Amino acid sequence: MSADPIDMAVLADLQDSMGEEFAAELMATFLEEVPGMIADVKTAAAEEDTELLRRAAHSIKSNAAIFGAGPLADIAREIELDGLREGRLARLEAEFERAAARLGDVLDG
C-alpha cells in the first residue's frame with residue numbers, strides 16, 4: 001500500500017471538467033457514502049447474500065474510479081468478481097481510510 005491512494009491527474013481532470021466546487025461536493029458525498037457501502041459489504045457477507053455483496057462492491061469500485069482511487073477500486077473489483085477472500089474486507093477498509101485521508105487533504109486545501 002505504498003502507492004498514492006489517489007491518482008491526482010484523474011482528480012485534476014474531474015476538477016477541470018466539473019469545476020472545483022462541484023468536484024469538492026462530489027468528494028464530500030463520496031466520503032459520506034462509502035462507509036455505508038462498506039457496511040453493506042459486511043451485511044452481505046454475514047447474510048451470505050452474494051447479490052448484495054456484488055452490488056455494494058460494484059458501487060464502491062465505480063465511485064472510487066471517478067476520483068482516481070485506483071487501489072480502492074481494484075480491491076472492490078476483486079470483491080465484486082470473487083467475493084470476500086484473502087483478507088479483502090480488511091484491505092478494503094484500510095484502502096478507503098487511505099483514500100479518504102488523501103481526499104480530505106485535497107478538500108482542506
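Keep in mind that what you see is a predicted model, and the values were worked out from it rather than measured.
The pair R77-E80 fails the salt-bridge criterion, with no side-chain N (NZ, NE, NH1 or NH2) lying under 4.0 Å from an Asp/Glu carboxylate O. A salt bridge does not link R88 to E95: none of the charged nitrogens lies less than 4.0 Å from a carboxylate oxygen.
Applying the side chain to side chain donor-acceptor pair (under 3.5 Å) rule to E97 yields no partners; only residues at least two apart in sequence or on another chain are considered.
In this structure, the side chains of I60 and I75 stay at 4.5 Å or more apart for every pair of heavy atoms. Side-chain contact between T43 and L53: absent, with no pair of heavy atoms (C-beta onward) separated by less than 4.5 Å.
Nearest approach of A65 to A73, heavy atoms of both residues: N-CB, 4.1 Å. Minimum interatomic distance between S59 and N63 (heavy atoms only, all atoms of both residues): O-ND2, 2.6 Å. Taking all atoms of both residues into account, the shortest heavy-atom contact from I6 to A69 is CD1-CB, 3.7 Å. Here the closest non-hydrogen pair linking D49 and L52 is OD1-N, 2.9 Å. Closest non-hydrogen pair, A57 versus V41, comes out as N-CG2, 4.3 Å.
Side chain of D82 to backbone of E78: no donor-acceptor contact under 3.5 angstrom is found. Judged by distance alone, the side chain of R98 and the main-chain N or O of L72 form no donor-acceptor pair under 3.5 Å.
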Evaluation steps, side chain to side chain contact (heavy atoms under 4.5 Å, CB included), between L84 and L92: CA-CA 10 Å; L84 285 175; L92 182 74; over 6 Å; no
Stepwise side chain to side chain contact (heavy atoms under 4.5 Å, CB included) check, K42 with I38: CA-CA 6 Å; K42 291 177 183 179; I38 291 173; 4.1 Å; yes
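When hydrophobic clusters are built by joining Ile, Leu, Val, Met, Phe, Trp and Tyr residues whose side-chain heavy atoms come closer than 4.5 Å, directly or via intermediates, V106 is grouped together with F96. Transitive grouping of hydrophobic side chains (ILVMFWY, heavy atoms separated by less than 4.5 Å) brings F22 and I66 into a common cluster.
Taking CG from L26 and CG from L103, the interatomic distance works out to 11.0 Å, rounded to the nearest 0.5 Å. Note that the CG atom of L107 and the CE atom of M27 stand 4.5 Å from one another [nearest 0.5 Å].
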Acceptor/donor pairs from residues 7-21 side chains to any protein atom, 3.5 angstrom cut, sequence neighbours excluded:
from: D7; atom 1: OD1; to: A9; atom 2: N; distance (Å): 2.9
from: D7; atom 1: OD1; to: V10; atom 2: N; distance (Å): 3.4
from: S17; atom 1: OG; to: D13; atom 2: O; distance (Å): 3.1
from: S17; atom 1: OG; to: L14; atom 2: O; distance (Å): 3.2

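Here ring pair (Phe, Tyr, Trp, His ring centres under 6.0 Å) pairs that include residues 43-82, with residues two or more places apart or in two chains, are F30-F67.
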